[in-house]
Amino acid sequence: MSTLYKARGKEAAAGTVPRAPKKGFNGKRLLLRLLVPAILVGVWWALSASPSTGLFIANPLKAVLRIGQDFLSTDPSTFFLGKATYEHLLPSLGRAMAGLGLATAAGVAAGIALGSLPVAAALFQPLIHLGRSLPSPALLGVFFLLFGTGDAPKIFLIAFGVVWPILFNTIDGVNSIGHQRLQAATVFKIRPFDVLFHVILPGASPKIFAGLRTSLSLSLIIMIISELQKSKNGLGYLLVTTQRTFDYTNFWAILIVLGFLGVTLNFLFHIAERRVLAWHRGATQQHD
Amino acid sequence: MTSATSTEQAIELELQSVSKSYGKNLAVKSITASIPQGKVSVIVGPSGCGKSTLLRIISGLDFPTQGSVTFNGAPVRGVPEGLAMVFQDYSRSLFPWMRVDRNIGFPLRHISADERRQRVQEAIDAVGLKGKEKLYPWQMSGGMQQRAAIARALASHPKLLLMDEPYASVDAQTRADLEDLLLDIHATLGVTVLVVTHDIDESIYLADHVIALSAPPSVVAETVEVDLPRPRNQISTKQDPRFVELRAHVTSLLRSH
Amino acid sequence: MRLLRDPLSQNKTIVLGVAGTLGVLAMWELLIRSGAVSKPGLPVPTRVMAQAAELLGNTVFLNQVFTTIGEWLLGLGVAAIAGILVGGLMGAFPAVFVAFEYPVEAFRTLPSIAVGPILVLLLGAGVAPIAITVALSSIWPILLNTLYGVRGTDPTAVATARTLGVRPLGLLMQIRLVSALPFAFTGVRVAASIGLIVTVSAELLIGSGQGIGGYILLASTNAGNLDGVYAATIIAGVLGVLINAAFALLDRTAFNWKKGLAQ
């Protein structure tokens, strides 16, 4: 499940120390794996039991049980998912994905255009650098003013916040395809359509994915921030309301759900990346 | 894939006082040369003598500051039809996200799938890559990758095959194999070949005539006819006293300018 | 589709960049002034610029900028120390890697900003919860880059050091960590940019009115001062660009030898 596998791949390629532990069941290894999580849960438990901090830190077991209660159910007709999943988790996720999708479409299209036109890239370069560094959550109020109070301002804010890494990396990716490959495409008179979809897009895809990875994490952060005000649902909304009602068990439950959501999305992203960039792992071991 | 040279109209590449400068920097100075149809011509010159610039101009990727290039009777403006190119660095000219057969067939997307498959297979057979069709370029050795690059050029049935330092990035043994592969292909297909190299031995071994360039700003020092018999052989041809003589002559040409 | 274009010279890039930026701003200004685009709340470049100039001359606001920089530096520093330490150990010792692999995986995808509110409850409002939030979000690039850097140490260098009798601890400190340093620095550079965005965002969410975020919060709620919101956001963005440029320059000068590793 680990996406840190990259380190393993590199290590295998370079044939360096340290060795990744062997696959298969290994009691010592399992103990090691459980060690840090066990310590973390232990500390959490102790803090939740302490009179000074226990007020704000919920018992981990209670928090997990609370997830079961709110986010899961025994009803097969709802796919064993609870009310909170439908009312809060999925709307949040939907907005994050809509924003990310919008940003991907715009970022890749603009990135390819700018990447193939050095003059245009130079014209917009300072503004792109600025956009990348803007704290977009600061514009939440402005987006509410511009786009009303529904899902639109939230989706647009997410898209605005995460488009920059995608745009930036796509331009970089187009520039990384290499002069000789583009010369080859020109000499062999490849049609523009094929150049776009079979040379430029695949050639830039390793960088595009690198940008998407950053944007994915960023989209979750902005998703939460966008739901803290003027919202009726969502995980960010729940974080606010549970604090207001001093329902800290629920608050911690949502933190766990958020962690779980991040790991799951990252894992899915990883599978997609491995499929699309299968050629790239081999190619980078050779050169470039 | 049999030779059809006799039925094609005679083609010829003609360079007329071609000059190229980058700003104040004169890379190529007034080059005049003609490349006869169906022969192997080699441009040889010291490193940085503007050989690659010249090849870019011939292939229509770049334009001369002065002079003109005529291919097949028509002036070259942009990449002309019937021209294919093998680049110096196979690892940077093949597409690493395509398997070998797709790399070779990619420039043929305008023709029918059946014909494309057939042409790809012919090209693969011609360069001795049978059985490697489904590999990615990076799964093969450098020599095999360059064979794939040659196959890609052959698959489009070019009239003129341009090669830019095609063997500069491979080891000596592979280099000898690829030189013989080129002579083989030339003998069977009768395609006009123009190779650019800095290697004097290679130029004489491959060529019907050698165009020796001077150091930049480059001019043609001399065009040397190579009257060595074909088929050539890595050992006996290179021991031929005439070969040794020609090598000494070309070496002196490159030195004296 | 014309593919082959010569790269532009540096001077040309700068001239085009300035021209492009001014051109976009002028066009935008024109669109709004002419009434072609007329939605209330959109920024008018000249007004935002005037507001930004005013803010930059205002000592109260400048103090808030310094507060933000302080929080950011504190968070980044904590993240750098912890990230290089844990990442280095994970890279050097397989056992440490196995022990920390899954926790790192779980925590690096958790949106750090969500932990902020609880930090305020535990530590009280102020600099500490913001700095910790910043550290929690910026530690990951540092940790991962250090990890890859230590793992990618040239095996020949390690073997050479071994034959010279360097002991395991010396091997880690003198060979592995040193050769991982440029990678760790790249991590810090990436983290610095993320960190500044998170600092301002955290000030907006859990701050008590301090920093650039505090100013933006005040401007957007109390007075409905939209020009102020835009101006402060852009100042924060420019600050980020400057920080990024400074780190890039530092990277080039301090780790020039890194280029040799790329071969």
Side-chain angles (χ1 to χ4, degrees), chain A residues 9-10 12-15 108 112 115-116 118 169-170 172-210 212 272-288, chain B residues 52 55-56 58-62 76 78-100 102-111 134-142 144-145 148-149 151-158 160-165 169:
Chain A
K10 275 198 178 155
V108 170
I112 283 179
S116 344
N169 278 280
T170 305
D172 208 22
V174 173
N175 290 329
S176 75
I177 292 170
H179 207 64
Q180 213 162 96
R181 282 190 195 112
L182 296 178
Q183 275 190 3
T186 311
V187 167
F188 289 110
K189 295 180 175 295
I190 309 294
R191 288 180 305 175
F193 177 88
D194 288 332
V195 169
L196 179 59
F197 286 98
H198 298 287
V199 177
I200 293 183
L201 262 183
S205 60
K207 297 266 182 175
I208 295 177
F209 269 92
L212 275 175
E273 189 184 23
R274 274 181 80 104
R275 284 192 71 112
V276 176
L277 298 185
W279 62 269
H280 188 245
R281 271 175 294 151
T284 42
Q285 284 171 21
Q286 185 195 16
H287 45 70
D288 274 355
Chain B
S52 290
L55 211 53
R56 280 166 57 87
I58 294 171
S59 60
L61 287 171
D62 209 337
V76 171
V79 182
E81 288 296 333
L83 180 146
M85 188 152 168
V86 176
F87 293 85
Q88 173 176 355
D89 193 347
Y90 48 82
S91 69
R92 292 182 206 285
S93 85
L94 291 172
F95 299 104
W97 49 87
M98 296 181 191
R99 293 173 199 276
V100 168
R102 268 205 71 201
N103 252 301
I104 297 171
F106 184 51
L108 306 175
R109 291 175 72 88
H110 55 281
I111 65 175
K134 291 297 169 194
L135 292 180
Y136 283 107
W138 38 269
Q139 291 173 314
M140 309 193 301
S141 68
M144 286 197 203
Q145 289 184 54
R152 177 172 67 180
L154 292 179
S156 61
H157 290 185
L160 175 62
L161 180 61
L162 292 179
M163 303 178 100
D164 182 8
E165 299 267 7
S169 328

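Just so we're on the same page: letters track the sequence lines, and every chain starts at 1.
The distance from atom CG of B:Asp164 to atom CD of A:Gln180, rounded to the nearest 0.5 Å, is 7.5 Å. Note that OG1 of A:Thr186 is 9.5 Å distant from CZ of B:Arg56, once rounded to the nearest 0.5 Å. Between the CG atom of A:Asp194 and the CZ atom of B:Phe106 there is a distance of 5.0 Å, given to the nearest 0.5 Å.
Neither the backbone nor the side chain of B:Ala149 has a heavy atom closer than 4.5 Å to any heavy atom of chain A. B:Pro158 does not touch chain A: none of its heavy atoms, backbone or side chain, sits under 4.5 Å away. For B:Leu94, the part sitting under 4.5 Å from any heavy atom of chain A is the backbone (N, CA, C, O) and nothing else. Proximity to chain A (any heavy atom under 4.5 Å) is shown, for B:Phe87, by both the backbone and the side chain. In this structure, no portion of B:Arg99 lies under 4.5 Å from any heavy atom of chain A.
In terms of heavy-atom pairs under 4.5 angstrom with chain B, the leader among A:Ala184, A:Pro202, A:Ala278 is A:Pro202. Considering only heavy-atom pairs separated by less than 4.5 Å from chain A, the leading option among B:Leu83, B:Leu108, B:Asp89, B:Leu162 is B:Asp89. Per-residue counts of heavy-atom pairs under 4.5 Å with chain A were compared for B:Gly78, B:Gly60, B:Ala153; the largest is that of B:Ala153. By number of non-hydrogen pairs under 4.5 angstrom with chain A, the leading residue of B:Glu81, B:Gln88, B:Arg152 is B:Arg152.
In this structure, the side chain of A:Trp279 does not engage the main chain of B:Trp138 through any donor-acceptor pair within 3.5 Å. In this structure, the side chain of A:Lys189 engages the main chain of B:Val79 through a donor-acceptor pair within 3.5 Å.
Contact between B:Met85 and A:Phe188 at its shortest, heavy atoms only, is O-CZ, 3.5 Å. A:Arg181 approaches B:Arg92 most closely through the heavy-atom pair CG-O, 2.8 Å. When all heavy atoms of B:Trp97 and A:His198 are compared, the closest pair comes out as NE1-O, 2.7 Å.
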